[in-house]
2 protein chains.
Amino acid sequence: MELDSRKATILDAIIQTYMETGEPVGSRTISKYTDLHLSSATIRNEMSDLEELGLIVQPHTSAGRIPTDKGYRFYVNRLQEKQKKEEETAQQEQAVNSLMIARTSRMEELLKKVVQYLAANTQYTTMISAPSYKRNKVKFIQLSKLNPRQLLNVVVIDGNIVKNHIIDLKDDITDEQVLKLNLLLNTRLNGLSLADINLGLISNIKEEAGEHSSIVNEVLDTIADVIRAETDENMEIYTSGANNIFKYPELADGQKASRLISTLETKDSLKELVKDTEEQEANGSDGIQVYIGDENSDDSMKDCSVVTASYDLGEGLQGTIGIIGPKRMDYERVMENLKTMKASLNEAFKKQPAIPDHKKEREVVPDIE
Amino acid sequence: MELDSRKATILDAIIQTYMETGEPVGSRTISKYTDLHLSSATIRNEMSDLEELGLIVQPHTSAGRIPTDKGYRFYVNRLQEKQKKEEETAQQEQAVNSLMIARTSRMEELLKKVVQYLAANTQYTTMISAPSYKRNKVKFIQLSKLNPRQLLNVVVIDGNIVKNHIIDLKDDITDEQVLKLNLLLNTRLNGLSLADINLGLISNIKEEAGEHSSIVNEVLDTIADVIRAETDENMEIYTSGANNIFKYPELADGQKASRLISTLETKDSLKELVKDTEEQEANGSDGIQVYIGDENSDDSMKDCSVVTASYDLGEGLQGTIGIIGPKRMDYERVMENLKTMKASLNEAFKKQPAIPDHKKEREVVPDIE
DNA sequence: TGTTAGCACTCAGATATATAGAGTGCTAAC
DNA sequence: GTTAGCACTCTATATATCTGAGTGCTAACA
């Protein structure tokens, strides 16, 4: 079965109505709500189809329909496409934000203000990760032959953080080849950060490495590992509006609320979210990530949706903003809010010289390709 | 009516049973529970008396009794007296704490660990205020005559924080007298902190001020105000175990829980608690403060009890630990926990030279009296 | 005078039953 | 393809009934 435009309209109508009420939506409601001018009976037929497609369900036989995770996903995807085309501005909002940002001197306070503002504005729970350096640089790489089929790989990054890792080989390797690889990797990678090591550079190195290109992959993985671990370890996260979850009956139930609050307090899962968002961002997503229901890794958030966006203060300083609400959250508004805030932050720090206490030793990055 | 020892025993039994169950306690339960060997009928008579004294109430006609705020207060007061006499040690617990403290280098992390430990240990919600200097010093005091019946009082403390305040006089004052007062106040108070200005010093100054001793009072109030305000403004508070409130049905109700969470997040009321605790401490209390139900200023905590203790890292660095739970919390255990933790903190920082980044410019305090 | 057994009474909470209404699926007609 | 009509389902709400924990009071007892 296909999802024609009329079905999509009906799905939208169901989701939007459900967003407001939180109650199952019946066919008669849709019949009146939309400008499709169809009778409730027709809507019922369409709804039956939408149910078959797995986009909506009935909580029980004689109830209206509510969207499934898949339904929300559909809705959000279309929303994102729409927004990409529109590229809307939201000027005046951004002005407010900029003002707030300008008035705040300490980074920590700014972050707290940002989450508070967003929580008040959206009526959901919000989080923000303090910007951390995504530009820890590779200092030194060493491959040592343990035996003809095994290499020990040692990677050292800024601050003398060391990670080592054993690489198993399919074929024997000679001392000379190891020497060549060491030279290659060090000349090409030393002084570079995660962001600097792009696909062009990688394929270039692999080409030079010839038959041992798979070793390059393993070395790169180790580099990614250690830099990630280093930056994630000390990640600071601020949250706000935890009490907002009580505004949504589907989350306010004691058991669920307790676990959610606990998750917000522990922050481990939030760190995961931040990590994931930044990874997605690195992989070329447009910057707004949406996790719906079961798409969240943490059990306590299976009834929630999380929308995240990472912001960039330049010079490799990067963090993530997130909004946590019920699955029936107002995705459109939330996404707009995040986009605006992201833009405001990026903007504000383009003018001001980034963070007060940050040393500006911007290095010239070798431009390959 | 008097509260004889038997009534007190019964009250204790009711409170302790209610602590465990959270349900109204009936006469038969008490009859079996205590070693008084009295029939339920007798207990009923006694309970009736306790109710008349306002120490317990029935939620409804045919229910058992639950303690009132006054009942808890009674219980807690007797507990404190008992503990004062006993002066128990709790050695092994303290050893655990000391270990934890020794292992932690950064103050912020230590505080977080402390609240987490306490929350896990007590199953209540916990808070801690970061130690702040109670030793901001008076830099300069100036009294200027606006007219014969009004003085302008300006107080400057470390960091050039200024507070001014108009003092109304009952009688006229001469320029000469103002000059003398200025000299007196500056010579005696400059360079002193709140802690340094003790009752001996105060009475001494008043004596010298003679007929204008009331002005001294007002000046001292202003000094206290500005130093307090300065230190409170930047007070950092960490909380933990917010989700524990869901363990107690009387707090877990949506409305109440939401407001409590909000209070914990905003932290303003917690700051009030810290302030109040430290004031009480300054006034010579033994160090453990208990706020029961309505005794809390914040509405969201009217169903809670809060137990606080301030700790002292030496050199004027002081902070407060607090435990927030239902009114039927296990006061005895909580108070012991706080005492132990307080002792551990005080102890640990007596050995180590206080806080890493703290400049040690201990000044010789003029010793009057 | 304090203690206790006995009994009628109260009331919250659990359980069972009836009712209303929102909403569906299906059929037959347009 | 659309719609009106109708039987059917199931939740939520209201209502009545029952149960038991617990009380207060009285009268008898030590």
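Chain naming here is simple, since letters A, B, ... match the order of the sequence lines and numbering starts at 1 in each. Values in this document were obtained by computation on a predicted structure and should not be read as measured data.
Using a 3.5 Å distance cut-off with no hydrogens or angles, the side chains of Ser40(B) and Ser31(B) do not pair a donor with an acceptor. Residues Asp276(B) and Tyr291(B) bring a donor and an acceptor atom of their side chains to less than 3.5 Å of each other.
Whole-Å rounding puts the Leu38(A) CG to dC30(C) P distance at 21 Å. To the nearest angstrom, P of dG23(C) lies 12 Å from CD1 of Ile14(A). In this structure, Glu23(A) places its CD atom 11 Å from C1' of dA12(D), rounding to the nearest Å. The distance from atom NZ of Lys32(B) to atom C1' of dG22(D) is 13 Å, rounded to the nearest whole Å. In this structure, Glu52(B) places its CD atom 16 Å from C1' of dT23(D), rounding to the nearest Å. Atom P of nucleotide dT24(C) and atom CZ of Arg44(A) are separated by 6 Å, given to the nearest angstrom. One can place CG of Asn45(B) at 12 Å from P of dT26(D), the figure rounded to the nearest angstrom.
Below 30°, between 30° and 60°, or above 60°: for Tyr331(A) and Tyr72(A) the angle between ring planes is between 30° and 60°, a tilted geometry.
Under 4.0 angstrom from either OP1 or OP2 of dG23(C) there lies no side-chain N or O belonging to Ser62(A). Taking only side-chain nitrogens and oxygens, Arg28(B) never comes nearer than 4.0 Å to OP1 or OP2 of dA5(C). Dashed line: the shortest gap from a side-chain N or O of Thr61(B) to OP1 or OP2 of dC11(C) is under 4.0 Å. Between Ser27(A) and dT24(C) there is a side-chain N or O to OP1 or OP2 distance below 4.0 Å.
In this structure, of dA12(C), dT23(D), dT24(C), it is dT24(C) that holds the atom nearest to the side chain of Met47(A).
Projected onto DNA chain C by closest heavy-atom contact, His60(B) and Ser39(B) fall at different nucleotides, the more 5' of which corresponds to Ser39(B).
Note that OG1 of Thr320(B) is 6.5 Å distant from CE of Met127(B), once rounded to the nearest 0.5 Å.
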